[in-house]
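In what follows, a single structure is set out as structure tokens and then discussed.
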Amino acid sequence: MTMAFDHTQEPLVRVNHLSKYFPVGHRSQLKAVDDVSFEIYKGETVSLVGESGCGKSTTGRCLIRIYEPTSGEVYYEGKDITKLSKQEKKEFTNKVQMIFQNPYASLNPRMTVKEIVGEGLKLNKLPQDQVDERVEQLLETVGLNKDHMSRFPHEFSGGQRQRIGIARALSVDPEFIICDEPISALDVSIQAQILNMLNRLQKELGLTYLFIAHDLSVVKYLSDRVIVMYLGTVVETAETEELFSNPMHPYTKALLSAIPEADPERAKSSRRIPIKGEIPSPIDPAPCCRFAGRCDKCMEICRQSVPETKEVSPGHFVACHLM
Ligand code: SF4
């Protein structure tokens, strides 16, 4: 579904040299996100992809103000989200929503579906009869019905719980939704249903998505652009078709080679590039390429300096000394 977006327009979201560090002990720092920059344009789906621990969820949480950045800025519609007035904060809370990985943990077990989905509407001071009507509509939008309103989260399957989470996110008419691994906790048979629904909702409601995933094959059919993260940094960004047909960073190449090839002819010629070892600790990383210890193309310079991000073709950015 790659579309051409007018990248000369002001982006809806601009992330500028964002870092989020967590103190560990007296002197060390866990650099979960380290100098990350990217933009998201209205109507786009941008995917943030990488292994667990690469900083993608922490980045998402900084974008919705669950975490305060250690340094750097996040702008929404041109405004720094850490410097909003009281009224702007309230508007931001409605405009930007998050769908969580574990739909069960993110739903209050003591609240009924009506209370969960209607909570944001009540905070926005909608009268109770209108809340009820809107909750009913929202449940229909996500493939549930009004009989579900008085039930509790434990009475639902994983896929249904994620639908409740999506209805809750939609309740306040958001513009931008951060989908944090929304299908990874679900059965494979349910995953496509939720992805198709997110796709449909985007078209119907004109939503913008940041889709966080560890699996590149999931984002292929959903994203306009893909940002690949490794150990707190962005290593490659490109439009989806470009990234899949012309990956440049050794880490992206290895991730793509791990996707099973459906076409038996192409499968014969495709070669899996193994990634050595485990993702290292993000505590006090050395000032060099963070992928150096696992990269089969590692050179002397890779262990001595951090590679700069270069635009190798329009809209295709790579941080690697090979470029
Ligand atoms: Fe590999 Fe060097 Fe590129 Fe890092 S900078 S990905 S170690 S070639």
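All ligand and atom numbering here is 1-based and tracks the order in the structure. Note that the coordinates shown come from a computational prediction; the quantities given were computed from them, not determined experimentally.
Residues D173 and R134 are paired through a salt bridge, judged by an N-O separation under 4.0 Å between the basic side chain and the carboxylate. Salt-bridge formation is detected for the pair K95/E77: a Lys NZ or Arg NE/NH1/NH2 atom is positioned less than 4.0 Å from an Asp or Glu carboxylate oxygen. Electrostatic pairing of E51 and R294 counts as a salt bridge here, judged by a charged N lying under 4.0 Å from a carboxylate O. Of the charged side-chain nitrogens involved, none lies within less than 4.0 Å of a carboxylate oxygen, so that E239 and R225 do not count as a salt-bridged pair. Between R168 and E119 there is no salt bridge, since none of the side-chain N atoms of the basic residue sits less than 4.0 Å from a carboxylate O of the acidic one.
Between I99 atom CD1 and I183 atom CD1 the span is 11.5 Å, to the nearest 0.5 Å.
Every atom of ligand 1 with a heavy atom of L322 under 4.0 Å away is listed here by number and element: 8 (S). Listed by number with element, the atoms of ligand 1 under 4.0 angstrom from any heavy atom of H249 are 6 (S). Using a 4.0 Å cut-off to heavy atoms of A292, the atoms of ligand 1 that qualify are 7 (S).
Metal site remark for atom 4 (Fe) of ligand 1: C289 contributes an N, O or S atom at a distance under 2.8 Å.
In this structure, atom 5 (S) of ligand 1 lies nearest to the protein heavy atom H321 N, 3.2 Å.
When A319, P307, C302 are checked for heavy-atom proximity to atom 7 (S) of ligand 1, C302 turns out nearest. Of the listed options A254, C320, C295, S305, C295 places a heavy atom closest to atom 1 (Fe) of ligand 1.
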